[in-house]
Participant: 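Here you go, one structure.
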Amino acid sequence: MSTLVDDRELASSRDCPVVDGKRQVQHVAPRTADVGGIPVNRVLPSRHRRLVGAWCFLDHAGPAVFKGSSRGLRVGPHPHIGLQTFTWMIEGEVLHRDSLGNEQVIRPGQVNLMTAGRGISHTEASVAGDTHLHAAQLWIALPEADRHTDPRFDHYPDLPSWEEQGVAFTLLTGEFSDHRAPTLAFSPLVGLDLFSREATTVELSLREDFEYGVLPLEGELDVEGDTFPPNELAYLGRGRDSVTLSLPDGGRAILVGGEPLGEEILIWWNFVGHSKAEIAEAQRDWETGSVRFGSVGEYDGERLMPPPLPWRLSDNGG
């Protein structure tokens, strides 16, 4: 995956047009990818929408059921820089291990957050005997000033949750209404899970300086009369103070939003950087086994290796 975006150039596209007095909503279709043997729907980045705030990557994995000889999710050792990996677990259990020595099983209703900073590597694997997986896996781009921060791992087993208007809410990060999540963030963000126990309509208050997207994970989502099937992102843009959503019985969606990052972001393979030189250096360090990324123990498989860089070495700027 390679995406070079000057976020400042996208400013005008953050304001969805108003037609006949109604602000429009952009449809962003997913594409299918394979992650660790599990098919996922990948919504961000796409050619239609690269970022939502600092959210730069969004995979919806599952709901999946493992049968026969399947061992479930298995993602071998791989590196990251310049981002936070953000996993919201809905069903199943996954074991995270990283080069800092952390081992943590994430269970439904919990968030794992790994801050890569200047460099970290990790593995992810379904817990032995587990037969289900349903999760949203996202990346958050670190601002340029924080891109070399120390790597760390944080696990959040208890998040703010409440019910109103027929919807069960879980605040994954940031602030919403009178609630604040404990999740570490480097830029103004919000992440909110919505689950409807019965068909219902809910009005959400929004910040006009944030841009937002809503992704239906289960069931169709109606956004002010516009229908979105599961895995199709409803990009709301910015400049809204509220949005009205209708969910079916058993419907689930995730709202992501944030202050526009306003910086150039380069995404290649598992790296997020602010220049080609930065990405190229990280790739060389991983390929040569540099101590920068450490090592992850107790995984019976090979390290994952990147494809060749999609630009000439003379283009790296270093």
Side-chain angles (χ1 to χ4, degrees), residues 3 5 7 10 13-16 25-30 40-46 48-61 83-90 110-115 134-143 156 159-161 167 169-177 179-195 202 204-218 221 223 228 230-243 245 247 251-262 265 267 272:
T3 306
V5 179
D7 194 43
L10 296 176
S13 70
R14 297 193 192 99
D15 302 315
C16 293
V25 180
Q26 182 186 20
H27 289 248
V28 182
V40 302
N41 286 281
R42 179 160 297 162
V43 185
L44 292 178
S46 78
H48 299 292
R49 183 58 48 191
R50 305 299 192 182
L51 303 168
V52 179
W55 301 99
C56 63
F57 183 93
L58 172 52
D59 274 359
H60 177 207
L83 58 84
Q84 292 177 294
T85 63
F86 188 106
T87 302
W88 164 236
M89 187 60 63
I90 300 168
Q110 301 178 348
V111 162
N112 273 0
L113 181 70
M114 186 179 74
T115 302
H134 189 194
Q137 294 193 299
L138 306 98
W139 294 355
I140 303 166
L142 291 174
Y156 297 96
L159 296 161
S161 58
V167 173
F169 294 92
T170 304
L171 183 58
L172 311 181
T173 188
E175 300 180 16
F176 190 85
S177 186
H179 304 275
R180 175 180 292 187
T183 324
L184 175 68
F186 290 82
S187 61
L189 289 173
V190 68
L192 183 68
D193 181 85
L194 301 84
F195 177 73
V202 59
L204 305 181
S205 296
L206 303 178
R207 285 180 50 169
E208 293 187 56
D209 60 326
F210 273 26
E211 56 180 331
Y212 291 93
V214 188
L215 180 68
L217 303 179
E218 296 180 272
L221 175 70
V223 183
F228 290 78
N231 301 308
E232 184 174 74
L233 180 72
Y235 178 72
L236 307 178
R238 60 179 178 180
R240 296 174 179 263
D241 60 10
S242 67
V243 66
L245 309 176
L247 296 92
R252 184 183 294 274
I254 184 172
L255 172 79
V256 293
E259 188 176 283
L261 195 58
I265 294 298
I267 303 174
V272 170

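The shown structure was predicted, so the numbers you read here are calculated from the model rather than taken from an experiment.
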Participant: Going by heavy atoms in the side chains, are F169 and S161 under 4.5 Å from each other?
Facilitator: no
Participant: Using the side-chain contact (heavy atoms from CB on, under 4.5 Å) rule, take L184 and Y156 through it: C-alpha gap first, then chi angles, then the decisive distance, then the call.
Facilitator: CA-CA 10 Å; L184 175 68; Y156 297 96; 3.6 Å; yes
Participant: How far apart are the C-alpha atoms of L138 and F57, what are their side-chain angles, what is the distance that settles it, and do they pass the side-chain contact (heavy atoms from CB on, under 4.5 Å) test?
Facilitator: CA-CA 5 Å; L138 306 98; F57 183 93; 5.8 Å; no
Participant: Could you tell me if the side chain of Y212 sits less than 4.5 Å from the side chain of L255, heavy atoms only?
Facilitator: yes
Participant: With heavy-atom distances below 4.5 Å as the criterion, would you say the side chains of V28 and V43 are in contact?
Facilitator: yes
Participant: For L172, does its backbone N or O pair with a side-chain atom of T183 as donor and acceptor, under 3.5 Å?
Facilitator: yes
Participant: Apply the test side-chain contact (heavy atoms from CB on, under 4.5 Å) to residues Q84 and L142: give CA-CA distance (whole Å), side-chain angles for both, the deciding distance (0.1 Å), then the verdict.
Facilitator: CA-CA 7 Å; Q84 292 177 294; L142 291 174; 4.0 Å; yes
Participant: If you look at every heavy atom in R238 and E208, which pair is closest and at what distance?
Facilitator: CB-O, 3.7 Å
Participant: Of all heavy-atom pairs between T173 and A185, which one has the smallest distance, and what is that distance?
Facilitator: OG1-CB, 4.4 Å
Participant: Hey, what do you get for CZ (R207) to CD (E175), rounding to the nearest 0.5 Å?
Facilitator: 8.0 Å
Participant: Quick one: are the ring centres of H27 and H48 less than 6.0 Å apart?
Facilitator: no
Participant: Looking only at atom types and distance, does a side-chain atom of E211 sit under 3.5 Å from a main-chain N or O of G53, one as donor and one as acceptor?
Facilitator: yes
Participant: Tell me the closest heavy-atom pair linking I265 and L261, and the distance in Å.
Facilitator: CD1-CD2, 3.6 Å
Participant: Going through the checks in order, is the side-chain contact (heavy atoms from CB on, under 4.5 Å) test met by I140 and L83?
Facilitator: CA-CA 5 Å; I140 303 166; L83 58 84; over 6 Å; no
Participant: Suppose we screen for side-chain contact (heavy atoms from CB on, under 4.5 Å). Which residues come up paired with H179, at least two apart in sequence or across chains?
Facilitator: P160, W162, L171, S177
Participant: Quick check against the 3.5 Å criterion: does R49 have a side-chain atom that pairs as donor or acceptor with the backbone of P45?
Facilitator: no
Participant: Compare every heavy atom of C56 with every heavy atom of V272, then report the nearest pair and how far apart it is.
Facilitator: CG2-SG, 4.2 Å
Participant: To the nearest 0.5 Å, what is the distance between CG (L189) and CZ (F186)?
Facilitator: 11.0 Å
Participant: For a quick test of reading the model, state the closest non-hydrogen atom pair linking G213 to V52 and the distance between them.
Facilitator: N-CG1, 3.8 Å
Participant: Do L204 and F176 have side chains that approach each other closer than 4.5 Å (heavy atoms only, starting at C-beta)?
Facilitator: yes
Participant: Any side-chain heavy atom of L44 within less than 4.5 Å of one from Y235?
Facilitator: no
Participant: Quick one, L221 and L245 - any side-chain contact, counting heavy atoms below 4.5 Å?
Facilitator: yes
Participant: State, yes or no, whether a side-chain contact exists between L58 and L215 at a heavy-atom distance under 4.5 Å.
Facilitator: yes
Participant: Among L233, L236, V214, find the residue that satisfies the side-chain contact (heavy atoms from CB on, under 4.5 Å) test when tested with V25.
Facilitator: L236
Participant: Roughly how far apart are T85 OG1 and M114 CE, rounded to 0.5 Å?
Facilitator: 4.0 Å
Participant: Parallel, tilted or perpendicular: which fits the ring planes of F86 and W55, with parallel below 30° and perpendicular above 60°?
Facilitator: perpendicular
Participant: Would you say the side chains of N41 and H60 form a donor-acceptor pair under 3.5 Å?
Facilitator: no
Participant: Do L159 and P182 make a side-chain contact, defined as non-hydrogen atoms from C-beta onward lying under 4.5 Å apart?
Facilitator: yes
Participant: According to salt bridge (Lys or Arg N to Asp or Glu O under 4.0 Å), who are the partners of E218, at least two apart in sequence or on a separate chain?
Facilitator: R252
